[in-house]
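See below for the structure under consideration.
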Amino acid sequence: MLQPDSHSVAATASQVRFGHFDDAGREYVITEPQTPWPWINYLGCQDFFSLISNTAGGYCFYRDAKFRRLTRYRYNNVPVDDGGRYFYIRDGDTVWSPGWKPCRTELDRYECRHGMGYSRLSGEKNGLHVSVLFFVPLDAQVELQQVRIENRSAERRCFKLFSLLEWCLWNAEDDQTNFQRNFSTGEVEVDGPVIYHKTEYRERRNHYAFYGVNHDIAGFDTDRDRFLGAYNGFDRPRVVHEGRPGNSLAPGWSPIASHCIELCLEPGESHELVFQLGYVEVPEQDKWSAPGVINKQAARELMARFDSSEKIAAAFGELRDYWSETLSRFQLQSGDPRLDRMVNTWNQYQCMVTFNLSRSASFFEAGIGRGMGFRDSNQDLLGFLHLDPLRARERILDIAATQFENGSVYHQYQPLTKRGNAAIGSHFNDDPLWLILSATAYIKETGDFGILDEPVPWENDETRTASLLDHLRASFDHAASNLGPHGLPLIGRADWNDCLNLNCFSTNPNESFQTTENRAGGVAESVFIAAMFVLYGGEYARLCRRQGLADEAARARREVHAMAEAIEQHGWDGEWFLRAWDAAGNRVGSRNETEGRIFIEPQAFAVM
């Protein structure tokens with residue numbers, strides 16, 4: 001009898017211990033806060049995004065996790081996942097948080113529900129039940145936090161609620177490095193229950209952030225050291241344990257936003273609060289309402305859209321409807337509820353997330369250096385095309401605009417500027433061919449051949465443009481014209497395996513293996529790129545034939561045929577396909593090796 005492997009047993013046990021799927025609600029329900037690692041959700045569908053863990057850790061940003069980071073988050077932190085948007089309940093001498101962290105006070109009840117574009121964290125202690133709904137509404141640059149507090153005890157309860165988030169000084173990389181400057185630049189402004197973050201607004205920015213609540217406050221704090229205490233962490237803030245807000249104004253250093261609200265509830269009574277964390281841009285000529293006072297009109301208009309529980313319910317309903325309609329476009333009924341769950345809900349949801357962020361921001365990618373990957377973004381489109389064809393179209397044109405006229409491309413680009421990342425550069429020689437994949441997949445899904453005629457800049461230079469079809473031709477020719485001694489494509493810095501750096505022989509530990517390429521002598525070849533060229537080059541040839549370009553289609557087929565012959569002659573190792581030829585002309589992934597004998601990528605693509 002077949003037995004489940006140990007990994008399957010461990011995964012099943014982990015699910016039973018920490019949570020379960022709620023298929024009716026399209027939610028994953030976490031019932032134990034101390035998960036093996038923070039289990040996170042992604043909020044936002046368009047330009048404003050938030051990452052939130054099952055204990056309220058994480059951060060948010062507008063469009064670009066590097067250049068428009070609203071809140072601070074420290075990676076590789078101890079303890080893990082410290083920093084987020086927190087609420088503290090001070091009930092007598094007891095201090096606790098509904099998401100367990102940061103206080104880590106033992107709760108009588110805890111639950112986190114990660115849903116489609118929202119997360120709901122709930123905690124209960126000594127008869128007080130607090131739930132917080134986090135979501136980013138459609139068409140608004142704001143994270144909404146609806147806090148509901150219910151007195152489930154038999155006695156009248158009076159307590160204080162403190163909010164907390166820590167502002168990032170916009171550029172997330174600079175925020176974590178340039179301390180001698182940053183300790184002098186942080187600026188805030190407080191207007192009633194709204195705290196505005198305006199660092200560099202006076203000097204060179206047209207945007208600010210705000211954190212407000214629809215309730216009178218007993219006080220506030222904007223100075224992190226005053227709120228926490230110089231030697232305290234988020235788990236034991238001095239202001240909360242003293243029970244008195246400091247009304248501090250951050251003089252540079254590390255600005256935060258914290259509200260103090262005093263509440264009393266009768267037995268069975270509940271109360272709701274709406275917190276809003278938002279982003280606003282102001283035209284240069286309208287930045288100030290008075291000397292030194294920012295123009296708050298746009299922020300007030302935004303907050304007015306969501307300043308009541310009724311408005312929150314309407315916005316949340318619109319978000320739920322959006323996801324129901326989006327996911328309804330492709331539905332499977334297999335008879336296996338586990339397969340249906342993954343295909344109908346969670347895989348499609350993940351495809352939307354990867355389209356939006358393309359691995360540029362997560363709990364493992366800091367969102368600081370890489371931006372959006374060219375290869376990644378093209379691949380991500382395959383799972384997204386049916387969800388939102390118009391946004392997929394826009395993304396293809398954005399990606400193509402980072403291409404050079406010789407067909408090579410920037411390996412990464414920044415989503416805010418849509419410009420290539422010069423620090424990483426080019427020469428990952430599989431990259432251009434992925435554009436053929438995404439463009440042809442889009443056309444197959446939509447029938448929109450008109451996209452091929454769209455003018456697309458080279459290197460985002462509007463003075464130099466060509467049609468998308470010309471960009472695809474450049475991608476095809478880049479692989480066809482950069483061949484090594486066996487007639488196979490040169491690998492450049494690497495191919496899909498970013499760590500297969502066959503042209504890097506760095507002895508300097510201060511150099512990057514990926515970008516050094518100090519022996520690019522036209523020898524190291526990739527069998528994987530060759531197989532990829534046969535596959536997607538064939539797609540390009542069929543596309544040209546469909547467009548009536550018979551001569552170009554015939555040329556493409558000749559190039560594809562020649563590459564297939566080169567693979568058979570120089571890429572086949574007798575039992576399987578080689579991975580590559582290295583810079584010394586030696587085989588990589590050969591049956592004659594003792595290690596690294598077979599690689600999966602060339603096998604799969606050669607068969608395809």
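Quick caveat, the model's predicted, so the values are computed rather than measured. Computation of the quantities below employed the complete heavy-atom set of this structure, encompassing side-chain atoms and omitting hydrogens, waters and symmetry-equivalent molecules.
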Are any of the side-chain heavy atoms of D82 and Y73 separated by less than 4.5 Å?
no
One should read off an interatomic distance between L468 CG and S475 OG, to the nearest 0.5 angstrom, of 9.0 Å
Is K296 close enough and on-axis enough to Y196, meaning under 6.0 Å and within 45°, for cation-pi?
yes
Going by the rule salt bridge (Lys or Arg N to Asp or Glu O under 4.0 Å), which residues pair with R202 if we only count those two or more places apart in sequence or in a different chain?
E187
Can you confirm whether more than 12 heavy atoms, excluding those of F179, are under 6.0 Å from its CZ atom?
yes
From the options Y42, Y59, F61, select the one residue that forms a ring pair (Phe, Tyr, Trp, His ring centres under 6.0 Å) with F49.
F61
Run through H259, Q276, R85, Q145 and flag the one making a side-chain hydrogen bond (donor to acceptor under 3.5 Å, both in side chains) with Y211.
Q145
Tell me, please, which residues at least two apart from P137 pass side chain to side chain contact (heavy atoms under 4.5 Å, CB included).
F135, A140, V142, L144, F306, A315
Less than 6.0 Å separating the ring centroids of F210 and Y208?
no
When the aromatic ring centroids of Y201 and H207 are compared, is their separation below 6.0 Å?
no
Could you work out, with side chain to side chain contact (heavy atoms under 4.5 Å, CB included) as the rule, every residue matching E325, not counting sequence neighbours?
R329
Who pairs with D376 by salt bridge (Lys or Arg N to Asp or Glu O under 4.0 Å), at least two apart in sequence or on another chain?
R370
Residues two or more places apart in sequence or in another chain: which of them pass salt bridge (Lys or Arg N to Asp or Glu O under 4.0 Å) with R104?
D235
Please report the interatomic distance CG(L51) to OG(S53), rounded to the nearest 0.5 Å.
9.5 Å
Counting N and O atoms only, with roles assigned by atom type, does the side chain of N295 sit under 3.5 Å from a partner on the main chain of K287, one being a donor and the other an acceptor?
no
Check whether T417 reaches the backbone of R419 with its side chain - one donor and one acceptor, N or O, closer than 3.5 Å.
yes
Taking it one step at a time, do R69 and D64 satisfy salt bridge (charged side-chain N to carboxylate O under 4.0 Å, His left out)?
CA-CA 7 Å; R69 185 82 65 98; D64 193 309; over 6 Å; no
Which residues pass the side chain to side chain contact (heavy atoms under 4.5 Å, CB included) test with S254, sequence neighbours left out?
R72, E166, F183, R224
Run the side-chain contact (heavy atoms from CB on, under 4.5 Å) check on Q414 and M372 step by step: do they pass?
CA-CA 6 Å; Q414 289 301 137; M372 308 272 274; over 6 Å; no
Name all pairs fulfilling the salt bridge (Lys or Arg N to Asp or Glu O under 4.0 Å) condition that reach into residues 310-320, sequence neighbours left out, sorted by first residue then second.
D307-K311
Hey, does the side chain of T354 reach the backbone of C351 with a donor-acceptor pair shorter than 3.5 angstrom?
yes
Distance flag, aromatic centroids of Y413 and F374, threshold under 6.0 Å
no
Closer than 3.5 angstrom, by distance alone: can the side chain of D81 be matched with the main-chain N or O of P38 as a donor-acceptor pair?
no
Side-chain donor/acceptor of D191 to backbone N/O of V194, under 3.5 Å:
no
So, Q46 side chain and D139 main chain: donor-acceptor pair closer than 3.5 Å or not?
yes
Between the main-chain N or O of T222 and the side-chain N or O of S248, is there a donor-acceptor pair closer than 3.5 Å?
yes
Would you give the length of the straight line joining atom CG of L70 to atom CG of L165, rounded to the nearest 0.5 angstrom?
9.0 Å
How long is the straight-line distance from CD of E394 back to CD1 of I399, given to the nearest 0.5 Å?
10.5 Å
Do N178 and E173 make a side-chain contact, defined as non-hydrogen atoms from C-beta onward lying under 4.5 Å apart?
no
Any carboxylate oxygen within less than 4.0 angstrom of a Lys/Arg side-chain nitrogen, looking at E454 and R393?
yes
Could you check R120 against E27 for salt bridge (charged side-chain N to carboxylate O under 4.0 Å, His left out), going step by step and ending with a plain yes or no?
CA-CA 10 Å; R120 191 189 301 272; E27 296 173 329; 5.6 Å; no
Between N501 and D498 (side chain of the first, backbone of the second, donor and acceptor by atom type, cut-off under 3.5 Å), is there such a pair?
yes
Shortest non-hydrogen separation from L385 to A392 and the atoms involved
CD2-CB, 3.6 Å
Centroid separation F355 to F384 less than 6.0 Å:
yes
Note, N214 side chain near P193 side chain (heavy atom, < 4.5 Å):
no
Can you list everything that forms a ring pair (Phe, Tyr, Trp, His ring centres under 6.0 Å) with Y410? Sequence neighbours excluded, please.
F404
Any side-chain heavy-atom pair of P432 and H471 under 4.5 Å
no
What is the minimum heavy-atom distance between S50 and C60, and which atoms define it?
OG-CB, 3.2 Å
Can you classify the ring geometry of W37 versus F364 as parallel (below 30°), tilted (30 to 60°) or perpendicular (above 60°)?
parallel
Does any part of the side chain of I30, heavy atoms only, come nearer than 4.5 Å to the side chain of T35, both counted from C-beta?
yes
Under the side chain to side chain contact (heavy atoms under 4.5 Å, CB included) test, residues paired with V147 that sit two or more places apart:
F87, V130, V132, I149, L161, L273, F275
Residues in salt bridge (Lys or Arg N to Asp or Glu O under 4.0 Å) with R395, at least two apart?
none
Ignoring hydrogens and geometry, is there a side-chain-to-backbone donor-acceptor pair from D221 to G246 under 3.5 Å?
yes
How long is the straight-line distance from CG of D430 back to CH2 of W496, given to the nearest 0.5 Å?
9.0 Å
Would you give the length of the straight line joining atom CH2 of W170 to atom OH of Y279, rounded to the nearest 0.5 angstrom?
6.0 Å
Kindly determine whether N356 and R391 satisfy side chain to side chain donor-acceptor pair (under 3.5 Å), including the steps that lead there.
CA-CA 10 Å; N356 285 329; R391 292 182 67 198; 2.8 Å; yes
Does L327 reach the side chain of S324, with side-chain heavy atoms less than 4.5 Å apart?
no
Compute the ring centroids of Y62 and F48, then answer whether they are less than 6.0 Å apart.
no
What about the rings of W323 and Y349, do their centers lie closer together than 6.0 Å?
yes
Would you mind writing out the side-chain donor-acceptor pairs for residues 225-234 within the sub-3.5 Å range, not counting sequence neighbours?
from : atom 1 : to   : atom 2 : distance (Å)
N232 : ND2    : L228 : O      : 2.8
N232 : ND2    : R236 : O      : 3.0

Residues pairing under salt bridge (Lys or Arg N to Asp or Glu O under 4.0 Å) where one sits in residues 398-414, two or more places apart or in two chains, turn out to be D398-K418, E405-R464
May I ask you to decide whether E203 forms a salt bridge with R205, counting only side-chain N to carboxylate O separations under 4.0 Å?
no
Quick one, L169 and P255 - any side-chain contact, counting heavy atoms below 4.5 Å?
yes
